[in-house]
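Take a look at the structure set out below.
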Amino acid sequence: MERLYEENSFLTGFEAAVLTCEPGKGGYEITLDRTAFYPEGGGQPWDTGTLDRVPVLEVHERDGRVVHTCGGPLTPGTRVHGQVDWQRRFDLMQQHSGEHIVSGLAHQRWGCENVGFHLGGQVVTIDLSLPLDEGQLAWLEEQANRYIWQDAAVEVDYPSPSALKSIPYRSKKEISGPVRLVTFPGADCCACCGTHVARAGQVGLVKLLSVQKFREGCRIELVCGGRAMAYLNQVQAQNSRVSRLLSAKVFETGGAVERLLAQNEALKARAAALEDSRFAALAQVHAGAGDVLLFEDGLSPDALRRLCGAVLRRCGGRCACFSGADGEGYQYAMGLAGGDLRALTRQLNQALDGRGGGKPDFVQGRVQASREAILSFFQRLA
């Protein structure tokens, strides 16, 4: 079978003969005498497109054959025109080529081995054998883009076994038979079966998004080419929106957010102090009242807990506090000093469509019930 994608990654249209067509999982499984559709492998997803207007949904390699899963049948023995989705193909070429450059430079600089690679629908991940920090990530991004600007031609070759012995190349596993080497001169030389750009400049841009510890090494997230431009456009749009909302210049939004957060923390502290004054007054009103049921609007779960605690210390019985609205549900906090509320909590949750729990003497949760239903439940306990 002729694998046209190995010879020319830029070939998108081709003619081929249909060898077999059989019903399979997810569609019709079709083999051809030649194909430009790349099958999933090496961390790179499959190509999509059409065979005589029949959608090519997936492409896999099985027992040395490239199997095209299609949305309809084709007749064995006929000739068809294949058309690869170029937008998807070129995106995958940019991502895969950028991964080569980044992995190769990390290998050169720090001796990192690429032990995992995944080309996802949104981002690319590279798993390296050694940990890298943010400073090293910044260096790696700068060097990768400087290499792209040099626009070196990408080389694809099948060296002879004797020549291969003298070539230092990266590979995750031992390879039997012919070895396809993809070389980005000065950056990387790797055994790879995927599709790549013809020149480094076609990658366009590499943007490293994050680095985090992964096993004994690290995992890098990145985007390249069109994905990198889309990512930066989205970041710019978000920052412009923040700039307008905060009346801050685009390069001063960080400081503006810090000031806003400081103001928010001060307001939260002031609100908490006012709440505590209100809770202390309610606790005084219900001092010695025994079992107490309270409704208080607009409380957060933490504020509800503080209200319940304040009243519980003075009432001398069980305290149940609710905050919410009919149609939206109510949060609750309930306590009984030295008591056991587990059975009552189960009854409450069952009767009022609730969820919650906690310690035997203090529980919190939420119910989907009306205020009238809550009042009725506690009246039946009296």
Practice task
Determine whether more than 12 heavy atoms belonging to other residues, nucleotides or ligands lie under 6.0 Å from atom CZ of R215.
Solution key: no
Practice task
Please round to the nearest 0.5 Å and tell me the distance separating atom OG of S323 and atom CD of Q331.
Solution key: 6.5 Å
Handout entry: Min side-chain heavy-atom separation Q368-Y330 under 4.5 Å
Key = no
Problem - Over 12 non-hydrogen atoms of neighbours within 6.0 angstrom of CE in M1 - result: yes
Fill in the blank from the handout: Interatomic distance, CD@E134 vs CG@L208, rounded to 0.5 Å, equals 10.0 Å
Exercise for the section: Examine the side chains of D151 and Q202 and answer whether a donor and an acceptor come within less than 3.5 Å of each other. Expected result: no
Practice task
State yes or no: do M93 and V123 share one hydrophobic cluster built from I, L, V, M, F, W and Y residues joined by side-chain heavy-atom distances below 4.5 Å, directly or via other members?
Solution key: no
Problem - R318 side chain reached by L381 side chain, heavy atoms, under 4.5 Å - result: yes
Practice task
To the nearest 0.5 Å, tell me how far Q44 CD sits from C193 SG.
Solution key: 7.5 Å
Practice task
Please check if any side-chain donor atom of R380 sits under 3.5 Å from a side-chain acceptor atom of S376, or the reverse.
Solution key: yes
Handout entry: Flag for D188-Y147: side-chain donor and acceptor within less than 3.5 Å
Key = no
Handout entry: R241 CZ to T253 OG1 distance, which is reported to the nearest 0.5 Å
Key = 13.5 Å
Handout entry: Same cluster (ILVMFWY, side-chain, under 4.5 Å), F295 and Y332
Key = yes
Problem - Test item: D33 side-chain N/O and A17 main-chain N/O as donor-acceptor pair under 3.5 Å - result: yes
Practice task
May I ask you to decide whether E15 forms a salt bridge with R79, counting only side-chain N to carboxylate O separations under 4.0 Å?
Solution key: no
Problem - H107 NE2 to L128 CG distance, which is reported to the nearest 0.5 Å - result: 11.0 Å
Problem - Any side-chain heavy-atom pair of N239 and F251 under 4.5 Å - result: no
Problem - Side-chain heavy atoms of L32 within contact of H68, under 4.5 Å - result: yes
Exercise for the section: Answer with yes or no whether the side chains of R314 and Q284 bring together a donor and an acceptor at under 3.5 Å. Expected result: yes
Problem - Closest contact, heavy atoms only, C21 versus P73 - result: SG-CA, 3.8 Å
Practice task
Carefully, step by step, assess Y28 and E22 under the rule side-chain contact (heavy atoms from CB on, under 4.5 Å).
Solution key: CA-CA 6 Å; Y28 290 85; E22 299 176 354; over 6 Å; no
Exercise for the section: For the residue pair D91 and Q95, confirm or rule out a side-chain donor-acceptor distance under 3.5 Å. Expected result: yes
Handout entry: Carboxylate-amine/guanidinium contact E29 R62, below 4.0 Å
Key = yes
Completion exercise
For G111 and S129, the nearest pair of non-hydrogen atoms, with its separation, is O-OG, 4.4 Å
Problem - Salt-bridge present (E142, R146; N to O < 4.0 Å) - result: yes
Exercise for the section: In sequence, state the C-alpha distance, the side-chain angles, and the governing distance for E61 and R3, and then conclude on salt bridge (Lys or Arg N to Asp or Glu O under 4.0 Å). Expected result: CA-CA 11 Å; E61 184 167 355; R3 299 169 185 256; 3.1 Å; yes
Practice task
Look at the side-chain heavy atoms of Ile, Leu, Val, Met, Phe, Trp and Tyr, link any pair under 4.5 Å apart, and say whether V84 and L4 land in one connected group.
Solution key: yes
Practice task
May I ask you to decide if the ring planes of H96 and H196 are parallel, tilted or perpendicular, using 30° and 60° as cut-offs?
Solution key: tilted
Problem - Cationic N near anionic O, under 4.0 Å, D47 to R88 - result: no
Practice task
Check step by step if side-chain contact (heavy atoms from CB on, under 4.5 Å) holds for L74 and V54.
Solution key: CA-CA 8 Å; L74 292 171; V54 174; 3.9 Å; yes
Exercise for the section: Using modelled atom types only, decide if a donor and an acceptor are shared between the side chain of N145 and the backbone of V206 within a distance under 3.5 Å. Expected result: yes
Practice task
Apply the side chain to side chain contact (heavy atoms under 4.5 Å, CB included) test between L137 and each candidate in L132, I220, L222; give the one that qualifies.
Solution key: I220
Exercise for the section: Using the six-membered ring wherever Trp is involved, compare the ring planes of Y38 and Y5 and label them parallel, tilted or perpendicular (cut-offs 30° and 60°). Expected result: perpendicular
Practice task
Taking the side chain as every heavy atom from C-beta outward, state whether E265 and L261 have any atom pair closer than 4.5 Å.
Solution key: no
Practice task
Give a yes or no on this: more than 12 heavy atoms of other residues, nucleotides or ligands lie within 6.0 Å of atom NZ of K213.
Solution key: yes
Practice task
Quick one: do D63 and R65 satisfy salt bridge (Lys or Arg N to Asp or Glu O under 4.0 Å)? Show the steps, please.
Solution key: CA-CA 6 Å; D63 302 323; R65 303 180 307 154; 5.5 Å; no
Exercise for the section: For the residue pair C70 and L57, establish whether any side-chain heavy-atom pair is separated by less than 4.5 Å. Expected result: no
Fill in the blank from the handout: For R342 and D340 the tightest heavy-atom approach is NH2-OD2, 2.6 Å
Handout entry: Flag, side chain of Q364 to backbone of D302, donor-acceptor distance under 3.5 Å
Key = no
Handout entry: Minimum heavy-atom distance between T195 and R89, given as atom pair plus value
Key = OG1-CD, 3.9 Å
Handout entry: Hydrophobic cluster identity match, L344 and V367, side-chain contacts under 4.5 Å
Key = yes
Problem - Q108 side chain vs A187 backbone, donor-acceptor pair below 3.5 Å - result: yes
Exercise for the section: Assess whether side-chain contact (heavy atoms from CB on, under 4.5 Å) is satisfied between V59 and V67, documenting all intermediate values. Expected result: CA-CA 6 Å; V59 188; V67 179; over 6 Å; no
Exercise for the section: Please confirm whether the backbone N or O of T78 pairs with a side-chain atom of T75, one donor and one acceptor, at under 3.5 Å? Expected result: no
Handout entry: Heavy-atom donor-acceptor pair, R180 side chain to G194 backbone, under 3.5 Å
Key = yes
Problem - Heavy-atom neighbours of Q236 CD exceed 12 at 6.0 Å - result: no
Exercise for the section: Report, as yes or no, whether the 6.0 Å neighbourhood of atom CD on E7 holds more than 12 heavy atoms from other residues, nucleotides or ligands. Expected result: yes
Handout entry: Heavy-atom closest contact (L181 atom, C189 atom, distance)
Key = CD1-SG, 4.1 Å
Exercise for the section: Indicate yes or no: does K359 engage D361 in a salt bridge with an N to O separation below 4.0 Å. Expected result: no
Exercise for the section: Decide yes or no on salt bridge (Lys or Arg N to Asp or Glu O under 4.0 Å) for E296 and R278, but give the supporting numbers first. Expected result: CA-CA 11 Å; E296 189 79 3; R278 163 72 175 167; 2.9 Å; yes
Practice task
For the pair S370 (side chain) and D326 (backbone), establish whether a donor and an acceptor sit closer than 3.5 Å, ignoring hydrogens and angles.
Solution key: no
Handout entry: ILVMFWY cluster, F10 and V154 together (side-chain gap under 4.5 Å)
Key = yes
Practice task
Answer yes or no: is there a side-chain heavy-atom contact under 4.5 Å between I374 and L352?
Solution key: yes
Exercise for the section: First locate atom CH2 of W110, then atom CG of L130, and finally report the distance between them rounded to the nearest 0.5 Å. Expected result: 10.0 Å
Handout entry: Test item: L299 and L307 side chains (from C-beta on) under 4.5 Å apart, heavy atoms
Key = yes
Handout entry: Nearest atoms (heavy-atom pairs only) where G335 meets F362
Key = CA-CD1, 3.9 Å
Practice task
Please confirm whether the backbone N or O of P185 pairs with a side-chain atom of T183, one donor and one acceptor, at under 3.5 Å?
Solution key: no
Exercise for the section: Give a yes or no on whether the backbone of H100 and the side-chain of S103 come within a donor-acceptor separation of less than 3.5 Å. Expected result: no
Problem - Within 6.0 angstrom of D297 CG, more than 12 heavy atoms from elsewhere - result: no
